[in-house]
Amino acid sequence: MKQPMNVIALRASRAARAPFPISKRSRSFLKRFYADATVAQWSDWRWQSRQSIRTLAQVERLFALSDDERSAIERHRGALPLGITPYYASLMSATDPAEPLRRTHIPVNAEFTRLRGEADDPLAEDANTVAPGLVHRYPDRALFLVTKICATYCRYCMRSRMVGPGGEYTFSSAQWELALAYLEQHAEIRDVLLSGGDPLTIADEKLDWLLARLRRIKHIEFIRIGTKIPMVLPMRVTRDLVRVLKRHRPWLSLHVTHPAEMTTETAAALERLADAGLPLGSQTVLMAGINDDVEVMKKLMHELLVRRVKPYYLFQCDPIKGSGHFRTPVDKGLEIIRGLRGHTTGYAVPQFALDAPGGGGKITLVPDYVLGRDGDDLIVRNYEGDIYRYPDPGGTLAAGTTAPES
Ligand SMILES: *Cc1c(COP(=O)(O)O)cnc(C)c1O
């Protein structure tokens, strides 16, 4: 007698063969702007990369540009080129230059204005570079920039000086070897953060080789990869890529910007990564008029949580040259954290951090809930603004302050 088919195994094998999902939005965008292409091509990351929108003519085919956008595109030279995957372009408004995702990727002339305090390399990463692409700022961990290529180029990029084909660095296996030699010689480094550029733009075999090479260095116990791929080119998260990642067990730090990125496709990419057991964290750059709003940020954090991504950092936008139109006062980040903490799931609250100019590293800021001290009582405020006395005999926190009336 034949064994009954194992239903769960059958479902699993079907899922393993299923094509990458495509949303209704993508489908209609594909039909409208890439009438000759198939769904299979759209869902192939190589096709998306080849079709990347890089020229004024290509942008104008998809977007009604403002004069400011058009002249900025014409004016742009060098690093941080224009580059948007058709998939990511499909999430942007074709008509509204103020739409958040469009603002993050289509240049405007403000990009060419250097304001006070802005620099090409405000974090002094170049000064902390100990081998090609290797930034060693904290004693126990190192930042390894492994490529200058991204799937798309964010206009607020903290490494605008170096990314893209016109970027100032060149990366090669010989240079990787120099960085790897440094890592091998420095046993105090237990944590390596791969970034760039976007490490997941690297071909599977090369990435496999690099991760295996890092895993062979015994003192490196923690490896993470910073990437925006699941948001801008989710179809790159192929089963083969997931197999490579699963083999080497890195954590992933996902660069996310706005709830509009949370599509069917992104959900599928994140599900593959989470199902492979890869711990997922997020990092978000706070930007004026894009995501500097408690409700927008709360929605984004909720969308991440349900997709098994732990919000990790909310970053103050670095004072990179030409970033004035993106930057908010530091207050804004604290206002957002105040609007999240206590008002929603604790897991949904990222740490708000700024990167100190000159290579001081990340400094986290938290809203102050301590109002003062009254003898043995600490006077604290909760998320709703109510004031409490907390018995704290012998404590010195807020000593010498006068507690407000409570
Ligand atoms: C952000 C960063 C790290 C990692 O910092 P964590 O707080 O551990 O996430 C390491 N090195 C450099 C140079 C960095 O900028």
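First listed ligand is number 1; within each ligand, the first listed atom is number 1.
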Close-contact set for ligand 1 against [X] heavy atoms, below 4.0 Å:
X      : result
Tyr312 : 6 (P), 7 (O), 8 (O), 9 (O)
Leu143 : 11 (N), 12 (C), 13 (C)
Tyr313 : 6 (P), 7 (O), 9 (O)

Under 4.0 Å, heavy-atom basis, I'd like to know which part of Arg224 is in contact with ligand 1: side chain, backbone, both or neither. side chain
So is Arg141 polar-close to ligand 1, meaning N/O to N/O under 3.5 Å? yes
Has ligand 1 got any nitrogen or oxygen that is less than 3.5 angstrom from a nitrogen or oxygen of Arg137? yes
With no hydrogens and no angle check, just 3.5 Å: does a side-chain donor-acceptor pair link Glu74 and Ser71? no
Validate the cation-pi geometry between [X] and [Y]: distance from NZ or CZ to the six-membered ring centre under 6.0 Å, angle to the ring axis within 45°.
X      : Y      : answer
Lys206 : Trp176 : yes
Arg61  : Tyr34  : yes
Arg32  : Phe29  : no

Using a strict threshold of under 4.0 Å (side-chain N to carboxylate O), is an ion pair present between Glu69 and Arg102? yes
Distance-only, no hydrogens or angles: does the Asp44 side chain make a donor-acceptor pair with backbone N or O of Ala40 under 3.5 Å? no
Looking at ligand 1, is there an atom of it that comes within less than 4.0 Å of some heavy atom belonging to His136? no
In the protein, which heavy atom is nearest to atom 14 (C) of ligand 1, and how far is it? Lys362 NZ, 3.1 Å
